[in-house]
Amino acid sequence: MTWISRPAVATVAFGLLMAVLAAQLGNDYQLTIAFTICVYYLCAAGTNILVGYAGQKSLGQAGFFAAGAYCAAVLSSRFGLSPWLALALAPLVAGAFGALIALPSLRAKGPYLAMVTLAFGLVVEKLVTEWSDVFGGPQGLYGIAPLSFDGTAFSNLHWVWFAIALCVIVQILLGNLVRGDFGRALLSLQADEIAAASVGVDVHRYKVLAFVIAAMTCGLAGALVAQQNQYINSDFISLNLSIFILLLVLFGGAGSLYAPLFGASALVLIDAQLAQWPALQHFAYGALLLLTLYVMPNGVAGVLTGAWRRGLSARPAQPPTQARHGQHIRGNLPACPGLDGARAPGNVLAVQQVSKAFGGVRSAQDISFCLQPGHIHALIGPNGAGKSTMINMLTGVIDPDSGDIAFAGTPIAGAAPHAICRLGVARTFQNLRLFGGLSVVDNVMLGRHPRLPRGIWAQLLALPAARHAEADARQWVRELLDFTGLSAVADVPAGQLAYGLQRRVELARSLATAPMLLLLDEPAAGLNPQETRELGNLLVRIAGHGITILMVEHHMEMVMGISDHVIVLDHGVKIAEGRPADVQCNPCVIAAYLGAGSQAA
């Protein structure tokens with residue numbers, strides 16, 4: 001049964017088991033508890049994508065819940081629309097609100113984003129309370145048509161069965177998404193947005209998608225509640241609902257696929273027990289939140305996963321710091337479909353009269369240079385010369401004030417970093433920007449992001465094309481790890497590696513984008529002499545495969561030993577360029593490094 005994954009089979013089996021157990025429940029109260037667990041699972045499942053994977057803090061989930069609930073209510077009670085069609089439209093309307101709220105996420109982050117979403121939830125609550133003509137005011141809307149089959153309205157058991165079916169479908173679809181390229185892209189946003197953009201992840205697009213997913217599942221849950229109760233008012237959508245949904249995710253274990261199930265099951269049952277003591281409910285929620293944040297920050301899922309791993313009698317793994325540099329580096333750079341073999345004729349990069357100033361500091365002043373294909377170019381100069389600023393302008397992190405930058409004949413000045421990456425420009429950073437919580441292989445798989453099909457529907461439905469593309473990319477990455485000497489630590493979290501190996505992981509991640517131009521910002525920083533020699537040899541091998549390299553580097557022995565062409569900056573001005581031997585003897589270069597009176601080369 002290759003057309004369906006084992007996690008999907010397990011999810012269906014679990015759903016069938018829950019449906020059988022629901023049929024054994026003895027009264028309507030117990031069925032109501034089971035239905036409520038399903039509703040809150042739906043709310044938490046999408047919020048987990050937004051908060052646990054994408055790392056976007058939101059307190060506006062009640063607003064999305066209200067959008068779905070009132071959409072179903074208004075369409076069926078005021079316009080006579082079929083309740084099934086109203087249910088189908090509700091998550092779409094809520095998703096539209098999610099896309100709208102995602103727009104401020106470009107600028108607002110952390111607590112500021114939480115405040116924006118909180119304001120959205122409060123505005124929605126105020127709107128449905130005050131706009132009586134449409135939403136019924138504080139009394140709400142009555143006479144909402146319930147779901148029915150063959151002319152018979154759903155019983156409480158039917159509602160539970162239907163809600164379980166929806167939960168199974170949502171779990172399978174979201175599982176398909178987060179287990180592949182989409183999930184890695186979301187996790188990269190949470191870890192480091194700049195690094196994510198450098199490997200081709202469209203940060204804005206994925207933030208919007210995360211908000212839309214969270215909004216749609218909350219909207220679906222809201223529509224179910226409105227139709228099951230045949231009534232909705234503002235009491236259902238208070239701020240407490242947003243806080244409770246967030247608590248579901250955190251308590252369950254944000255970032256785990258099973259967090260919504262753990263959180264919804266545990267907290268709904270606790271809430272049912274506390275219902276007889278209303279004064280204790282808010283105190284209990286606060287205590288649970290503190291317990292989650294301080295005692296088990298990874299939630300119930302994290303506790304269970306940790307206990308499972310400790311219980312396994314697995315063979316002890318080799319400590320990542322014991323993997324020697326240069327070990328098992330063999331073979332050639334694996335052939336990559338796409339850019340490989342399509343190197344542009346002429347100059348790979350042309351920089352013309354580029355300038356950049358930060359206040360009164362001019363980091364780049366009318367700088368021009370060209371890079372030839374397949375050559376190793378070095379960009380050197382004293383500290384503060386403007387080297388990293390130039391790399392950031394070439395990769396779209398900052399925009400030049402003036403001048404032109406063309407890559408393979410295409411203007412890229414002012415383009416977005418992810419767009420520049422997809423053209424064939426890759427980079428590393430002066431200060432490491434790895435996704436430390438992900439394994440080495442997943443870090444490098446993120447480098448394949450711009451070369452993988454980006455159809456969200458193919459990933460959502462786990463179509464064969466998406467599964468084959470993922471498998472082929474993973475095999476290609478394994479070959480790349482072999483080429484860069486990282487096979488022995490492929491499954492180790494990147495943040496646990498020795499510093500020199502982390503540098504190599506970042507280089508491998510950049511190579512995974514299949515670049516025509518590789519920009520390296522101080523790749524030898526922090527390396528010992530042996531590691532530096534091995535890095536130099538690896539760069540020569542990379543250039544031998546036709547990849548152009550521009551490196552910013554202070555290690556002059558490596559620069560002069562492997563470079564074909566050297567460009568020298570000082571105080572934002574290009575003072576020399578040419579072959580390493582010529583630059584080494586240039587009086588302006590000597591003056592910049594050693595002082596105007598020095599006679600040493």
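Side chains included, hydrogens not; waters and symmetry mates left out as well; all remaining heavy atoms used.
Heavy atoms from other residues, nucleotides or ligands lying under 6.0 Å from CZ of Phe97 number 12 at most. Tyr231 OH: more than 12 foreign heavy atoms inside a 6.0 Å radius.
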Pair Phe211-Phe64, ring-ring contact (aromatic ring centres under 6.0 Å, His included): steps then yes or no:
CA-CA 10 Å; Phe211 268 98; Phe64 303 137; 7.0 Å; no
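Between Leu432 and Glu506, the closest side-chain pair of non-hydrogen atoms falls below 4.5 Å.
To the nearest 0.5 Å, the span separating CG on Leu257 from CD1 on Ile172 amounts to 11.5 Å. If you take SG on Cys167 and CD1 on Ile37, they are separated by 10.0 Å, rounding to the nearest 0.5 Å. Atom CG in Leu189 sits 13.5 Å away from atom OH in Tyr53 (nearest 0.5 Å). One distance of note links CG of Asn176 with CD of Gln171; it measures 10.0 Å at 0.5 Å rounding.
Each of Asn27, Thr32, Asp28 was checked for a side chain to side chain contact (heavy atoms under 4.5 Å, CB included) with Gln30, and the lone residue meeting it is Asn27. Each of Thr513, Asp202, Asp181 was checked for a side chain to side chain donor-acceptor pair (under 3.5 Å) with His449, and the lone residue meeting it is Asp181.
Here Arg448 does not pair with Glu470 in a salt bridge; the nearest charged N to carboxylate O distance is not below 4.0 Å.
Geometric assessment of Arg509 against the ring of Phe435 yields a positive cation-pi assignment under the 6.0 Å and 45° thresholds.
Contacts of Tyr258 classified as ring pair (Phe, Tyr, Trp, His ring centres under 6.0 Å), with partners at least two apart in sequence or in another chain: none. Partners of Phe236 by ring pair (Phe, Tyr, Trp, His ring centres under 6.0 Å), not counting sequence neighbours: none found.
A distance-only check finds a donor-acceptor pair linking the side chain of Asp192 to the backbone of Ala195 [under 3.5 Å].
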